[in-house]
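Below is one structure, written out as structure tokens, with a few remarks after it.
Everything quoted here is computed from the prediction, not taken from an experiment.
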Amino acid sequence: MNNIRTKTKVIKIGNLQIGGQNNVVIQSMTNTKTSDINKTLEQIKRLKNAGCELVRLAIFDDEDINALPAILEKSLLPIVTDIHFNFEYAIKSIEMGVKKIRLNPGNLDDPKKLKIICELANKHNVVIRVGVNSGSLPRWALDKYGYSAQAMIETTKHYVNLLNSYDFNNIVISIKASDPLLMIDAYELASQNFDYPLHLGVTEAGTLLDGTIKSVAGLTPLLVKGIGDTIRISLTEDPVKEIEVARKLLNTLKIRNDLVDIISCPTCGRLNFDMMPLVEKVKEYTKQMFFPLKISILGCFVNGIGEGKEADIGVAGSLKQAVIFKNGKILKTVKEDEVFNELKILIDEAYQNWLDKNG
């Protein structure tokens with residue numbers, strides 16, 4: 001598969017770079033009340049540990065904006081503020097040191113205010129995310145183009161032109177829809193019309209299962225074409241789940257290679273080995289090990305080592321015992337209750353070798 005991304009500008013958010021041929025950046029949004037500083041920082045820490053690289057906070061009231069300096073001081077991740085409709089919160093966010101704000105210029109009915117935001121953002125090298133959602137298109141776009149990808153693109157052009165008219169170009173674009181097929185059409189058009197980095201996502205995707213399926217359906221056709229510079233998987237869930245899904249998607253598509261990959265069989269009547277708890281234990285043990293390793297956990301000998309031959313390490317179960325193998329070669333046979341510890345030894349060894357080589 002071709003992992004070359006489409007050509008877009010490189011945008012810097014502090015030390016983080018989005019666009020060009022940089023990694024597709026994984027981001028999420030906190031669901032704590034931003035004014036609860038401790039809970040917000042704790043969630044940011046959990047997101048960071050899960051592999052998140054950029055996090056957005058809702059700035060909904062004065063308590064939220066007043067909490068921002070303390071969060072910025074201690075946050076482990078770069079912060080994006082979502083200022084909703086409030087001009088003052090945009091200004092204060094920038095002055096407090098935020099390097100990216102989420103702004104829908106159509107929500108600001110005063111061009112003078114938008115000009116002030118652009119001038120201040122230029123001064124402080126702040127990125128503005130122009131967000132267009134299918135559910136909030138202006139009447140003029142709907143009247144001319146109907147409810148369509150073209151209406152979303154023309155709306156985005158309008159907003160981008162507004163920012164450009166104030167000499168502002170430090171832009172990331174998102175054109176989200178809750179319908180994955182509409183979202184695909186919109187982003188394909190966006191990649192033809194803009195050279196700004198694109199933030200991909202299916203908005204309001206739903207619960208863990210529904211939201212994952214919708215998001216993967218919408219993002220995969222774009223990512224495999226090289227479209228998309230940063231992604232958020234929007235779930236009605238703990239935001240850490242968003243990161244887990246995003247990382248797995250990018251690694252499955254071989255766009256990134258920084259995740260332990262567990263290969264496990266669907267089980268069948270041949271299973272004489274308590275495999276599923278083992279899979280969960282290994283998954284939990286490796287979830288914060290961001291390095292490439294394939295682990296095969298298969299329920300029987302029939303296809304075991306053959307199907308797992310591409311794995312770095314693995315296990316093939318039998319009646320109350322299992323074969324441990326490495327790089328396709330059998331190392332030993334152990335009792336069922338010894339399997340997890342044997343795998344941990346091999347995982348730790350592989351992780352340490354990777355750390356020694358990569359610093």
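Using a cut-off of 4.0 Å between Lys/Arg side-chain N and Asp/Glu carboxylate O, E338 and K344 are scored as not salt-bridged. Of the charged side-chain nitrogens involved, none lies within less than 4.0 Å of a carboxylate oxygen, so that K287 and E244 do not count as a salt-bridged pair. A salt bridge between K320 and D337 is absent, with no side-chain N of the basic residue lying under 4.0 Å from a carboxylate O of the acidic one. Ion pairing between E154 and K144 fails under the 4.0 Å rule for side-chain N and carboxylate O.
Residue I11 is found in a hydrophobic cluster whose other members, listed by chain and number, are I13, L16, I18, V25, L54, V80, V127, V172; membership requires side-chain heavy atoms under 4.5 Å apart, directly or through intermediates.
Using modelled atom types and a 3.5 Å distance limit, the side chains of T81 and Y89 yield no donor-acceptor pair. A donor atom on one side chain and an acceptor atom on the other are not found under 3.5 Å apart for K12 and N125. Side chain to side chain, N251 and D258 meet the donor-acceptor criterion of an N or O pair below 3.5 Å. Using modelled atom types, one finds no donor on one side chain facing an acceptor on the other under 3.5 Å when comparing Q150 with D185. For the residue pair Q321 / T333, no side-chain donor-acceptor distance below 3.5 Å is found, with atom types taken as modelled. Checking T40 against T32 by side-chain atom types alone, a donor-acceptor pair falls below 3.5 Å. Between the side chains of N164 and N169, at least one donor-acceptor pair of N or O atoms lies under 3.5 Å. Defined by atom type and a distance below 3.5 Å, a donor-acceptor pair is missing between the side-chain atoms of K99 and H124.
Geometrically, K281 engages F340 in a cation-pi contact defined by less than 6.0 Å to the ring centre and at most 45° from the axis.
The side chain to side chain donor-acceptor pair (under 3.5 Å) test applied to K248 returns D261, not counting sequence neighbours. For N66, there are no side chain to side chain donor-acceptor pair (under 3.5 Å) partners at least two apart in sequence or on another chain. In this structure, the side chain to side chain contact (heavy atoms under 4.5 Å, CB included) partners of E63, at least two apart in sequence or on a different chain, are S35, D61.
Looking only at side-chain heavy atoms (C-beta outward), E237 and E242 stay at 4.5 Å or farther from each other. Under the 4.5 Å side-chain criterion, counting only non-hydrogen atoms from C-beta, R56 is not in contact with T30. Counting heavy atoms from C-beta on, the side chains of V98 and L57 never come closer than 4.5 Å.
Residue pairs meeting the salt bridge (Lys or Arg N to Asp or Glu O under 4.0 Å) criterion with at least one partner in residues 346-359, sequence neighbours excluded, are K326-E349.
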Please tabulate, for side-chain N and O atoms in residues 209-222, each donor-acceptor pair with protein atoms closer than 3.5 Å (sequence neighbours left out).
{"residue": "T212", "atom": "OG1", "partner": "L208", "partner atom": "O", "Å": "2.6"}
{"residue": "S215", "atom": "OG", "partner": "G211", "partner atom": "O", "Å": "2.8"}
{"residue": "T220", "atom": "OG1", "partner": "V216", "partner atom": "O", "Å": "2.8"}

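Screening R232, R102, K176 against H199 for a side chain to side chain donor-acceptor pair (under 3.5 Å) leaves a single residue, K176. When each of L235, N49, L47 is paired with V240, the side chain to side chain contact (heavy atoms under 4.5 Å, CB included) condition holds for L47 and for no other. Each of L223, D229, I233 was compared with L200 under the side chain to side chain contact (heavy atoms under 4.5 Å, CB included) criterion, and only L223 meets it.
With hydrogens and angles disregarded, no donor-acceptor distance shorter than 3.5 Å links the side chain of R5 to the backbone of V24. No donor-acceptor distance shorter than 3.5 angstrom exists from the side chain of N133 to the backbone of G135, with no hydrogens or angles considered. Side chain of T286 to backbone of M289: no donor-acceptor contact under 3.5 angstrom is found. No donor-acceptor pair closer than 3.5 Å links the side chain of Q17 to the backbone N or O of N22.
For K9, the NZ atom is densely surrounded, since the number of other residues' heavy atoms within 6.0 Å is greater than 12.
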Is there a side chain to side chain contact (heavy atoms under 4.5 Å, CB included) between S174 and R129? Walk through the geometry before answering.
CA-CA 7 Å; S174 72; R129 172 186 156 189; 3.0 Å; yes

Side chain to side chain contact (heavy atoms under 4.5 Å, CB included) assessment of I91 paired with E95:
CA-CA 6 Å; I91 297 301; E95 291 177 338; 3.7 Å; yes

For Y196 and T8: C-alpha separation, side-chain torsions, deciding distance, then whether side chain to side chain contact (heavy atoms under 4.5 Å, CB included) applies.
CA-CA 5 Å; Y196 296 111; T8 56; over 6 Å; no

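Here OG1 of T230 is found 10.5 Å from CG of L198. Values are rounded to the nearest 0.5 Å.
Ring pair W140/H158 is perpendicular by interplanar angle, where above 60° counts as perpendicular and below 30° as parallel.
Residues M152 and L162 share a single hydrophobic cluster, defined by chaining ILVMFWY side chains whose heavy atoms lie under 4.5 Å apart.
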